[in-house]
*Asks:* 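Dumping the structure here so I can ask a few things about it.
The structure displayed is predicted, hence computed values, not measured ones. Any value given below was found using the heavy atoms of this structure, including those in side chains, with hydrogens, waters and symmetry copies removed.
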Amino acid sequence: MNRIVPPMEKLIFASRWLQAPLYLGLILAQGVYVYQFMHELAILLTQIGSLSEAQVMLIVLGLIDVVMIANLLIMVIIGGYETFVSRLDLAGHPDQPEWLSHVNAGVLKVKLATALIGISSIHLLKTFINAEHLADRVIIAQIAIHLAFLISALAIAWTDRVMTDTLLASKKAH
């Protein structure tokens, strides 16, 4: 049995590299969002004189939404890779994100939950601007979804805080 365990542990540890293609796929998805952003920006710039204020605001909110989703992708790609696959060799790099130096699974979850709330807020604002064209049940459903994101984010942050406090208390005791 002792001959089997070390190679098995090495295989299990090496299996983290199976996630690398997933992060590469997210980079491709990021490219799709760049295209989407440029497409919406082109619509805004080419139709600027014929759009109402509400239409301009909806397009701009759409642009903000795309940027926030792109930011979420970057957090998942960089933070997830760094946390679960391999360290990024960025020591001394002038563009190293500040948050990367203290990222772990808990911090990443809280950041992702916060980003989802921001994205949900943009969608909710777009809904309120366009409310006269939507059924009440759609608006109520979007509010409920947003509230679910808020409650989930608070629960994740609270759980992370409790776990961190428990770890600190445990380290002090030893």
*Asks:* Which heavy atom of T83 sits nearest to which heavy atom of G79, and what is that distance?
*Replies:*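 Between these two residues, the closest heavy atoms are OG1-O, 2.7 Å.
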
*Asks:* Do other residues, nucleotides or ligands put more than 12 heavy atoms under 6.0 Å from the NZ atom of K109?
*Replies:*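 Open.
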
*Asks:* I need the minimum non-hydrogen distance between H93 and D95, along with the two atoms involved.
*Replies:*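 Shortest heavy-atom contact: ND1-N, 3.0 Å.
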
*Asks:* Side-chain contact, heavy-atom cut-off 4.5 Å: D65 with L61?
*Replies:*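 Not in contact.
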
*Asks:* CZ of R161: more than 12 outside heavy atoms within 6.0 angstrom?
*Replies:*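 Check fails, neighbour count at 12 or below.
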
*Asks:* Atom CD in E82, atom CG in L90: separation rounded to 0.5 Å?
*Replies:*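 If we round to the nearest 0.5 Å, E82:CD and L90:CG are 7.0 Å apart.
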
*Asks:* Identify the two heavy atoms, one from A113 and one from I156, that lie closest to each other, and give their separation to 0.1 Å.
*Replies:*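 The answer is CB-CD1, 4.3 Å.
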
*Asks:* Looking at Y23, I want to see if its OH is surrounded by more than 12 non-hydrogen atoms of other residues, nucleotides or ligands under 6.0 Å.
*Replies:*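 It does: Y23 OH has more than 12 such atoms within range.
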
*Asks:* Answer with yes or no whether the hydrophobic clustering places I43 together with L58; edges join I, L, V, M, F, W, Y residues whose side-chain heavy atoms lie under 4.5 Å apart.
*Replies:*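 Same hydrophobic cluster.
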
*Asks:* For V110 and A157, which heavy atoms make the closest approach, and how far apart are they?
*Replies:*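 Heavy atoms only, the tightest pair is CG2-CA, 3.9 Å.
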
*Asks:* Would you call L24 and I27 a side-chain contact if the rule is heavy atoms closer than 4.5 Å?
*Replies:*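 Of all side-chain heavy-atom pairs linking I27 with L24, at least one is under 4.5 Å.
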
*Asks:* Would a hydrophobic clustering, with Ile, Leu, Val, Met, Phe, Trp and Tyr connected at side-chain separations under 4.5 Å, put L22 with L73?
*Replies:*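 Each belongs to a different hydrophobic cluster.
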
*Asks:* With rounding to the nearest 0.5 Å, note down the distance linking CD in Q36 to CD1 in I69.
*Replies:*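 Rounded to the nearest 0.5 Å, the CD-CD1 separation comes out at 9.0 Å.
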
*Asks:* Between S120 and L116, is there a donor-acceptor pair closer than 3.5 Å when you use the side chain of the first and the backbone of the second?
*Replies:*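 Pair absent, no side-chain N/O of S120 close to backbone of L116.
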
*Asks:* M75 and A115: which non-hydrogen atoms are nearest, and at how many Å?
*Replies:*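 The answer is CE-CB, 3.6 Å.
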
*Asks:* I need the L147 CG to Q142 CD distance, nearest 0.5 Å.
*Replies:*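 It comes to 12.0 Å.
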
*Asks:* For residues Y35 and V66, determine if any side-chain heavy atom of one lies less than 4.5 Å from a side-chain heavy atom of the other.
*Replies:*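 SC-SC contact between Y35 and V66 ruled out.
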
*Asks:* If we check side-chain contact (heavy atoms from CB on, under 4.5 Å) with I74, which of these qualifies: I78, V76, L72?
*Replies:*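 Testing I74 for a side-chain contact (heavy atoms from CB on, under 4.5 Å) against I78, V76, L72 leaves exactly one candidate, I78.
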
*Asks:* With rounding to the nearest 0.5 angstrom, report the CD1 to CG distance, I59 to L51.
*Replies:*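 Here the interatomic distance stands at 4.5 Å.
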
*Asks:* Taking the side chain as everything from C-beta on, heavy atoms only, tell me whether W158 gets closer than 4.5 Å to L154.
*Replies:*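 No, every pair of side-chain atoms sits at 4.5 Å or beyond.
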
*Asks:* Nearest 0.5 Å please: distance from the CD1 atom of I122 over to the NE2 atom of H146.
*Replies:*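 Separation between the atoms: 10.0 Å.
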
*Asks:* Quick check for you: to the nearest 0.5 Å, what is the distance between M38 atom CE and L45 atom CG?
*Replies:*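 Going from the CE atom of M38 to the CG atom of L45 covers 9.0 Å.
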
*Asks:* Mind checking whether Y33 and V67 have side chains closer than 4.5 Å, heavy atoms only?
*Replies:*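 No, their side chains stay 4.5 Å or more apart.
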
*Asks:* Let me check something: do V60 and M68 share a hydrophobic cluster, defined by ILVMFWY side-chain heavy atoms less than 4.5 Å apart, either directly or through other members?
*Replies:*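 Yes; M68 is reachable from V60 via cluster members.
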
*Asks:* Would you say I151 ends up clustered with I140 if hydrophobic residues are merged whenever their side chains have heavy atoms under 4.5 Å apart, either directly or through other cluster members?
*Replies:*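 No, no single cluster joins them.
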
*Asks:* Exactly one of I117, I119, L125, L124 should register a side-chain contact (heavy atoms from CB on, under 4.5 Å) with S121. Which one does?
*Replies:*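 Only match with S121 under side-chain contact (heavy atoms from CB on, under 4.5 Å): I117.
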
*Asks:* Looking at every heavy atom in both Q19 and F84, which two are closest together, and how far apart are they?
*Replies:*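 What the structure gives for the nearest pair is OE1-CB, 3.4 Å.
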
*Asks:* Do T127 and I143 come close enough that some side-chain heavy atom pair is under 4.5 Å?
*Replies:*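 SC-SC contact between T127 and I143 ruled out.
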
*Asks:* Taking the side chain as every heavy atom from C-beta outward, state whether M163 and T159 have any pair of such atoms under 4.5 Å apart.
*Replies:*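 Answer yes - side chains close enough.
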
*Asks:* Indicate if I48 and F37 have the same hydrophobic cluster label, given that clusters are the connected sets of ILVMFWY residues with side-chain heavy-atom separations under 4.5 angstrom.
*Replies:*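 Yes, because I48 and F37 connect within a single hydrophobic cluster, where side-chain heavy atoms sit under 4.5 Å apart.
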
